[in-house]
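On a predicted model such as this, the values are computed, not experimentally measured, just so you know. Chain identifiers are assigned alphabetically (A, B, ...) following the order of the sequence lines, protein sequences preceding nucleic acid strands; residue numbering begins at 1 within each chain.
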Protein chains: 2
Amino acid sequence: MNTTDTIDNGFCPNFHSAAELIGRRWTGAILRALFSGESRFNDIKATIPDLTPRMLSERLKELEAEGIVTRRVIPEPLGTEYCLTPKGQALRPVLDAISTWAYDWIVPDEAASEPRQVEAVS
Amino acid sequence: MNTTDTIDNGFCPNFHSAAELIGRRWTGAILRALFSGESRFNDIKATIPDLTPRMLSERLKELEAEGIVTRRVIPEPLGTEYCLTPKGQALRPVLDAISTWAYDWIVPDEAASEPRQVEAVS
DNA sequence: CGGGATCCGAAAGGATACTG
DNA sequence: CAGTATCCTTTCGGATCCCG
């Protein structure tokens, strides 16, 4: 029933697993780095502030296991390259939608820390 | 630097917090239930299989703190009603994008164990 | 009905160090 | 460069009981 249409049923396991896959800590940012063109381990790591190699490695493995990225070792400049598979590329609309929403609704200085100062509304 | 929506920079804290907000455990499903029309605590709970009241309560509070839902106590039938704010409504494209992706790429028996053929090829 | 409080085990995540 | 290994803290999340 729910196929490409709108949200009209209460629960969908596929949706659920997809949401939690993408939403796993750091995963969104990693995917974003991949989309932005980064592909080497340390390049990805460098673009994401507090990401430790352990986390990156772990998330990358998960994504690989999910068929979202592929890992390839490059002999010459010696390194590893992570690329998005079609399934991974297909996530672009999702990432874009999140970006748009974030841009529209997340107030800049609310993002990093969270000094949620509402202006005194009694 | 471009801030509109395309992905071409490495990291964006707004995007990051948005992704992890939506991706928090159960949050996607809860949002989905809200979009599908549920609004009462136990109705939402009922649509999501293993969600405990504690988790629902916790997530709902987070969403409320983020300005994504509003909580209102209804005196008559006695209950509580959770509604999406404009900020919450604005998440619809995100949820839809995830739904679409999930439908296209998550193979049923990989998500849970609900038999469903993606496409009866040939 | 709609939660809050508490307890507690499980798992995720961070820091640091070390290696092929 | 690209990870691993280990430790150890924090958080998550489930169960249970209770309260307005």
OP1 or OP2 of D/dA2 less than 4.0 angstrom from a side-chain nitrogen or oxygen of A/S57, does that happen here? no
A/F41 atom CZ is separated from D/dA2 atom C1', nearest whole Å, by 6 Å
Which nucleotide in the list D/dA2, C/dG3, C/dG2 gets nearest to the side chain of A/T80? D/dA2
Is the A/F41 ring parallel, tilted or perpendicular to the A/Y82 ring (thresholds 30°, 60°)? tilted
Go through the structure and list residues passing side-chain hydrogen bond (donor to acceptor under 3.5 Å, both in side chains) with B/R25, not counting sequence neighbours. none
Interatomic distance where CZ belongs to B/R40 and P belongs to C/dG3 [whole Å]: 10 Å
Working to the nearest 0.5 Å, report the span between CG of B/L63 and CG of B/L34. 7.5 Å
Got a list of protein N/O to nucleotides 18-20 of chain D N/O distances below 3.5 Å?
none

When you check the phosphate oxygens OP1 and OP2 of D/dA2, does a side-chain N or O of A/K61 lie under 4.0 Å from one of them? no
Report, one line per pair, each donor and acceptor closer than 3.5 Å where one atom sits in a side chain of residues 67-79 of chain A; sequence neighbours left out.
unit_1	atom_1	unit_2	atom_2	d
A/T70	OG1	A/C83	O	3.4
A/R72	NE	A/E81	OE1	3.3
A/R72	NH2	A/E81	OE1	2.1

Between atom CG in B/L56 and atom P in C/dG3, what is the gap in whole Å? 8 Å
C/dG3 OP1/OP2 closer than 4.0 Å to side-chain N/O of B/Y82: yes
Between C1' of C/dA11 and CD of A/E20, the distance in whole Å: 14 Å
Please tell me which of the listed nucleotides, D/dC1, C/dG3, D/dT4, lies nearest to the side chain of A/N42? D/dC1
Residues passing the side chain to side chain contact (heavy atoms under 4.5 Å, CB included) test with B/N42, sequence neighbours excluded, are B/K45
Measure from NZ on A/K45 to P on D/dG3 and round the result to the nearest Å. 12 Å
Rounding to an integer number of Å, can you tell me how far A/D43 CG sits from D/dC1 C1'? 10 Å
For A/P93, check side chain to side chain contact (heavy atoms under 4.5 Å, CB included) against everything at least two apart and list the hits. none
Between C/dG3 atom P and B/E81 atom CD, what is the distance in whole Å? 12 Å
Those residues that, when tested against A/D43, pass side chain to side chain contact (heavy atoms under 4.5 Å, CB included) (two or more places apart): A/E38, A/R40
What residues form a side chain to side chain contact (heavy atoms under 4.5 Å, CB included) with B/A90, not counting sequence neighbours? A/W101, A/W105
So, the side chain of B/T27 versus the backbone of B/G23: is there a donor-acceptor pair under 3.5 Å, distance only? no
Between C1' on C/dG2 and CZ on B/R72, what's the gap in Å once rounded to a whole number? 16 Å
Base versus backbone protein contacts along nucleotides 13-20 of chain C [heavy-atom cut-off under 4.0 Å; B, S, -]: BBB-----
For A/A18 and B/I98, work out which heavy atoms get closest and say how close. CB-CG2, 3.9 Å
Can any side-chain N or O of B/K61 pair as donor or acceptor with the backbone N or O of B/L56 at less than 3.5 Å? no
Return the set of residues passing salt bridge (Lys or Arg N to Asp or Glu O under 4.0 Å) with A/E58 (not counting sequence neighbours), or none when no residue passes. A/R54
Inter-end axis angle, the helix from C/dC1-D/dG20 to C/dG20-D/dC1, with every axis fitted to five base pairs (rounded, 10 degrees): 60°
